[in-house]
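Working notes, structure below.
In each ligand, atom 1 is the first atom listed, and ligand 1 is the first ligand listed.
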Amino acid sequence: MRVLGIETSCDETGVALYDTDHGLLADALYSQVALHAEFGGVVPELASRDHTRKLLPLVDQVLAEAGLAKQALDAIAYTAGPGLVGALMVGACTAHGMARALNIPLLGVHHMEGHLLAPMLEAEPPAFPFVALLVSGGHTQLVDVRGLGDYRLLGESVDDAAGEAFDKVAKMLDLPYPGGPQVAALAERGDTTRFRFPRPMTDRPGLDFSFSGLKTHTLTTLRGLETDGALDDQARADVARAFEDAVVDTLVIKCRRALKASGRERLVVAGGVSANRRLRDGLDAALTKLGARAFYPRGRFCTDNGAMIAYAGACRLLAGERTATLQPRPRWPLAELTPPVA
Ligand code: KG4
Ligand code: ZN
């Protein structure tokens, strides 16, 4: 079955073609980062308009790359939520229009299920069951994954998501949007011993996260340095490093706890922040000690992309599931998902 995947939930237009027999045939991505950069974050109306401009050309590009005509498609999968409603609508309307015209089945995918399954596109995919750490701009969640659509939320952020905290700290450091990779790059030059920031909610039991206090702590430290006339380039790098170390440590501690509590031996890490090098190194070291193993998507499939949507959609389509409604779901808790229903 050849499935076209369409992702338009936020600021990336992603399209991919996944073949259930031959794997990923083609994928293309258009990032709106430059468009939103001057506003310091995503402007929803601009995002929708840009998806409208870029989506069909990307569909043509992917089909051309695969050497296939539209008529060769067997199904279409698109992100139905969660995300920005206008942006989701562009993908949903395009997918529904194409599926009607081609008379092929259609599936609305949960964006976070897409992220969660992204490591399945790699050469050594993880087997079920596993614990998933979903770390993106909108979500920080630990999920016990027993199978496709069988998800139990173990813990989540009570305030900011990890990626959101990275983006806000980037703003404090006058770094461009999106801030995660920028903060990580600045932190490379930082001294690990100069500041030690708190590891929020690690001193009590449980698997929830909170990053808003850490953000405030970062701001207070920067203001203090400024008042003392000591906010030079090195100090900014030291702060970036202290912040990154605190986020990474916190995530590692909670993942270790989740694996121990659930008895699982595999951890899937997905979403934009899973691209972070220090997070990967920290998790790999901690999991080796536990006799467990972490699985990640390749770099470009950590952030939003069409391939993960094509893959997640293909899994459900193969099981006979179909989507009839055009209505996107801007808010859609992952735990509401169920195994495929034919
Ligand atoms: O999954 P994603 O592309 O979009 C959402 O669904 O939110 O994640 C984007 C988030 C942004 O907050 C971005 O700053 C963060 O992932 N991010 C990173 C890194 N690369 C992307 N954060 C830390 N380190 C990185 N290397
Ligand atoms: Zn995402």
Give me the residue, atom name and distance of the protein heavy atom closest to [atom].
| atom | answer |
| --- | --- |
| atom 21 (C) of ligand 1 | G272 O, 3.3 Å |
| atom 24 (N) of ligand 1 | N276 ND2, 3.0 Å |
| atom 7 (O) of ligand 1 | G137 N, 2.8 Å |
| atom 18 (C) of ligand 1 | G180 CA, 3.6 Å |

Ignoring angles and geometry beyond distance, decide whether [X] reaches within less than 3.5 Å of ligand 1 through its nitrogen or oxygen atoms.
| X | result |
| --- | --- |
| H111 | yes |
| F166 | no |
| G163 | yes |

Below 3.5 Å, can you tabulate the donor-acceptor pairs from side chains in residues 83-110 to any protein atom, sequence neighbours excluded?
from, atom 1, to, atom 2, distance (Å)
T94, OG1, V90, O, 2.7
H96, NE2, Y78, OH, 3.0
H96, NE2, T325, O, 3.3
H110, ND1, M112, N, 3.1
H110, NE2, W332, O, 2.6

- Message: What protein N/O/S atoms are there under 2.8 Å from the Zn ion (ligand 2), waters excluded?
- Response: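 Less than 2.8 Å away from the Zn ion (ligand 2) sit H111 NE2, H115 NE2, D304 OD1.
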
- Using the six-membered ring of Y177, assess whether NZ or CZ of K171 lies under 6.0 Å from its centre and within 45 degrees of the ring axis.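 No cation-pi geometry.
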
Looking only at heavy atoms of [X], does any of them come nearer than 4.0 Å to an atom of ligand 1?
| X | answer |
| --- | --- |
| H115 | yes |
| R277 | no |
| G138 | yes |

More than 12 non-hydrogen atoms from neighbouring residues, nucleotides or ligands closer than 6.0 Å to [atom1] on [X], yes or no?
| X | atom1 | result |
| --- | --- | --- |
| Q61 | CD | yes |
| R298 | CZ | yes |
| E336 | CD | yes |

- Item | Heavy-atom proximity to atom 15 (C) of ligand 1, best of N305, V183, V273, D304 |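 Residue with the shortest heavy-atom distance to the ligand atom: V273.
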
- Given T79, D167, L279, which one has a non-hydrogen atom that is nearest to atom 12 (O) of ligand 1?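 Comparing heavy atoms across T79, D167, L279, the nearest one to atom 12 (O) of ligand 1 lies in D167.
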
- Apply salt bridge (Lys or Arg N to Asp or Glu O under 4.0 Å) to R316 and list each qualifying residue two or more places apart in sequence or on a separate chain.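 With neighbours one apart ignored, the set is E113, E321.
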
- Query: Charged N to carboxylate O below 4.0 Å: is that the case for D281 and R277?
  - Reply: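 Between R277 and D281 there is a salt bridge, with a charged N closer than 4.0 Å to a carboxylate O.
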
- Item | Presence of salt bridge, D27 and R300, under 4.0 angstrom |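 Result for this pair is yes, salt bridge flagged.
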
- Going by atom types only, do S212 and D160 share a side-chain donor-acceptor pair under 3.5 Å?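 Short answer, no.
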
- Tell me whether the centres of the aromatic rings in F166 and F211 are closer together than 6.0 Å.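 No: the rings miss the under 6.0 Å criterion.
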
- Residue T303 vicinity, atoms of ligand 1 by number, heavy atom under 4.0 Å: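 Contacts of ligand 1 toward T303, numbered from 1: 3 (O).
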
- Query: Could you state the interatomic distance from CG (D238) to OG1 (T221), rounded to the nearest 0.5 Å?
  - Reply: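 Here the interatomic distance stands at 11.5 Å.
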
Under 3.5 Å, side-chain donor or acceptor atoms of residues 28-42 against the rest of the protein: list the pairs with distances, not counting sequence neighbours.
from, atom 1, to, atom 2, distance (Å)
S31, OG, E12, OE1, 3.3
S31, OG, V33, N, 3.2
Q32, OE1, H36, NE2, 2.8
Q32, NE2, A47, O, 3.1
H36, ND1, V43, N, 3.1

